[in-house]
Amino acid sequence: MYGSDDEFSVQVPTQVQSLTEGSGSVMVSELKPIPDLDYLQELLAIQQQGPRSIGFFGTRNMGFMHQQLIEILSYAMVITKNHIFTSGASGTNAAVIRGALRAEKPELLTVILPQSLKMQPPESQELLSKVKNLIEKPENDHLPLIEASRLCNMNILSHVQQVICFAFHDSRLLMETCQEAKNLRKIVTLFYLD
């Protein structure tokens, strides 16, 4: 993979294309070197003993298999005494909550909502009723959901050392959140679903 960047055009499918056509047609992008500081930060995190505060972010649009994997990951993080922070939407957040609740350590799960509980869909409210540490933001009820979600994500970032995100390449808010986490020198693990 030598030569100019112009020689390597990467076509990344949209969320819709990934869901309708599958991810088999995705072209693999070239590997780019990790900046030394990011590499050292990740290495130190791997060697760090003890639990961490981890923020889980992700798309609402995902299949059942991805949700199961996220649920297992969340469960594993909680039983190893990590504190999980997430939001209350369907998809990724719901899978994180189910996994953390299954670990039966309710004190290690904090859910921060972008708005008040009453603004959440009924199916989310049922799951959220089982969460011990639930933080509502009724002062954001007047905001469009995207703006309330942006504020919520920044709030979650202020509480965590590490970020795990499940997104599509065109998930603008999630990409912004991951970039902000990197700017704040958080460890970011980003899983692309497309």
> When you measure from the side chain of Ser87 to the backbone of Ala89, do you find a donor-acceptor pair of N or O atoms at a distance under 3.5 Å?
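No; judged by distance alone, with no hydrogens or angles, the pair does not exist.
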> Determine, using the 4.5 Å side-chain heavy-atom cutoff (strictly less than), whether Ile54 and Leu73 are members of one ILVMFWY cluster.
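Ile54 clusters together with Leu73.
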> Walk me through whether Lys137 and Ile135 qualify under side chain to side chain contact (heavy atoms under 4.5 Å, CB included).
CA-CA 7 Å; Lys137 295 291 182 180; Ile135 300 170; 4.2 Å; yes
> Flag the pair Asn155 / Asn153 as yes when at least one side-chain heavy-atom distance between them is below 4.5 Å, and no otherwise.
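Side-chain contact under 4.5 Å: no.
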> Is there a side chain to side chain contact (heavy atoms under 4.5 Å, CB included) between Lys182 and Ile187 once you walk through the steps?
CA-CA 7 Å; Lys182 288 177 184 178; Ile187 298 159; over 6 Å; no
> Which pairs pass salt bridge (charged side-chain N to carboxylate O under 4.0 Å, His left out) with one or both residues in residues 74-94, sequence neighbours excluded?
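Listed by first then second residue: nothing to list.
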> Name all residues meeting the side chain to side chain donor-acceptor pair (under 3.5 Å) criterion together with Thr110; count only those two or more places apart in sequence or in a different chain, and write none if there are none.
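Partners of Thr110 by the side chain to side chain donor-acceptor pair (under 3.5 Å) criterion, ordered by chain and then number, come out as His83.
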> Other members of the hydrophobic cluster containing Phe64, with the 4.5 Å side-chain heavy-atom rule, please.
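Direct or chained contacts put Phe64 with none.
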> Dump the intermediate steps for side chain to side chain contact (heavy atoms under 4.5 Å, CB included) on Leu128 and Ile97, then the final yes or no.
CA-CA 8 Å; Leu128 292 169; Ile97 294 167; 3.8 Å; yes
> Short question: side chain of Ser74, backbone of Val96 - any donor-acceptor pair under 3.5 Å?
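Pair found, side chain donor or acceptor close to backbone of Val96.
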> Linking directly or through intermediates, with side-chain heavy atoms under 4.5 Å: list the remaining ILVMFWY members grouped with Ile72, chain and number order.
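Noted: Ile72 shares its cluster with no other residue.
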> According to salt bridge (charged side-chain N to carboxylate O under 4.0 Å, His left out), does anything in residues 94-121 pair up with another residue at least two apart or in another chain? List the pairs.
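As it turns out, the salt bridge (charged side-chain N to carboxylate O under 4.0 Å, His left out) pairs with a partner in residues 94-121, which skip direct neighbours, are Glu71-Arg98, Glu71-Arg102.
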> Between the side chain of Thr86 and the main-chain N/O of Phe56, is any donor-acceptor distance below 3.5 Å?
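Yes; at least one donor-acceptor contact below 3.5 Å.
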> Could you give the distance from CZ (Phe85) to CG (Leu157), rounded to the nearest 0.5 Å?
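If I round to the nearest 0.5 Å, the distance is 11.5 Å.
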> Nearest heavy-atom pair of Ser124 and Gly88: which atoms, and what distance?
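Shortest heavy-atom contact: OG-O, 3.6 Å.
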> Is it true that Ile112 and Phe57 fall in one hydrophobic cluster, defined by side-chain heavy atoms closer than 4.5 Å?
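Yes, it is one cluster - the side chains of Ile112 and Phe57 are joined through contacts under 4.5 Å.
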> Let me have the donor-acceptor pairs involving side chains of residues 140-149, under 3.5 Å, with sequence neighbours excluded, atom names and distances please.
unit_1, atom_1, unit_2, atom_2, d
Asn140, ND2, Pro114, O, 3.3
Asp141, OD1, Ser116, N, 2.8
Asp141, OD1, Ser116, OG, 3.2
Asp141, OD2, Ser116, OG, 2.7
His142, ND1, Glu139, O, 3.1
Glu147, OE1, Arg150, NH1, 3.4
Glu147, OE2, Arg150, NH1, 2.9
Ser149, OG, Leu145, O, 2.8

> For Ser158, check side chain to side chain donor-acceptor pair (under 3.5 Å) against everything at least two apart and list the hits.
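Partners of Ser158 by the side chain to side chain donor-acceptor pair (under 3.5 Å) criterion come out as none, since no residue qualifies.
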> Backbone N or O of Arg52 within a donor-acceptor pair of the Asn82 side chain at under 3.5 Å?
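Yes, the answer is positive, given that a donor and an acceptor are paired below the 3.5 Å cut-off.
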> Tell me, please, which residues at least two apart from Ala167 pass side-chain contact (heavy atoms from CB on, under 4.5 Å).
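Counting only residues at least two positions away or on another chain, Ala167 forms a side-chain contact (heavy atoms from CB on, under 4.5 Å) with Cys165, Ser171, Leu174, Met175, Leu190.
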> Report yes if some heavy atom in the side chain of Leu193 is under 4.5 Å from a heavy atom in the side chain of His66; otherwise report no.
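With C-beta onward as the side chain, the pair touches.
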> For Gln115 and Glu136, what are the C-alpha separation, side-chain angles and deciding distance, and is it a side chain to side chain contact (heavy atoms under 4.5 Å, CB included)?
CA-CA 6 Å; Gln115 297 170 320; Glu136 297 180 58; over 6 Å; no
> According to ring-ring contact (aromatic ring centres under 6.0 Å, His included), does anything in residues 93-140 pair up with another residue at least two apart or in another chain? List the pairs.
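Pairs touching residues 93-140 that pass the test: none.
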> Can you measure from SG (Cys178) to NZ (Lys186) and round to the nearest 0.5 angstrom?
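If I round to the nearest 0.5 Å, the distance is 13.0 Å.
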> How many angstroms lie between CD in Gln179 and CG in Leu184, if you round to the nearest 0.5 Å?
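Here the interatomic distance stands at 10.0 Å.
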> Do the side chains of Val78 and Leu127 join up, straight or via other hydrophobic residues, at under 4.5 Å, putting them in one cluster?
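Per the 4.5 Å side-chain linkage, Val78 and Leu127 are co-clustered.
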> Not counting sequence neighbours, which residues clear side-chain contact (heavy atoms from CB on, under 4.5 Å) with Lys130? List them please.
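Partners of Lys130 by the side-chain contact (heavy atoms from CB on, under 4.5 Å) criterion, ordered by chain and then number, come out as Leu101.
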> Report yes or no: do Val163 and Leu69 belong to one cluster of Ile/Leu/Val/Met/Phe/Trp/Tyr joined by side chain heavy-atom distances under 4.5 Å?
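No; tracing contacts between hydrophobic side chains, which count when under 4.5 Å, never links both residues.
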> Would you check if the side chain of Thr177 reaches a backbone N or O of Leu173 as a donor-acceptor pair within less than 3.5 Å?
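Confirmed, Thr177 side chain pairs with Leu173 backbone.
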> With heavy-atom distances below 4.5 Å as the criterion, would you say the side chains of Arg60 and Thr92 are in contact?
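No; the side chains remain at least 4.5 Å from each other.
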> Sorted by first residue and then second, give each ring-ring contact (aromatic ring centres under 6.0 Å, His included) pair with at least one member in residues 175-194; sequence neighbours left out.
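Those involving residues 175-194 are Phe166-Phe191, His169-Tyr192.
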> Linking I/L/V/M/F/W/Y whenever any side-chain heavy atoms sit under 4.5 Å apart, do Leu108 and Ile79 land together?
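As far as the 4.5 Å side-chain criterion goes, Ile79 and Leu108 are not connected within one cluster.
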> Which residues pass the side chain to side chain donor-acceptor pair (under 3.5 Å) test with Gln125, not counting sequence neighbours?
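Counting only residues at least two positions away or on another chain, Gln125 forms no side chain to side chain donor-acceptor pair (under 3.5 Å).
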> Roughly how far apart are Leu113 CG and Gln120 CD, rounded to 0.5 Å?
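Here the rounded value is 4.5 Å.
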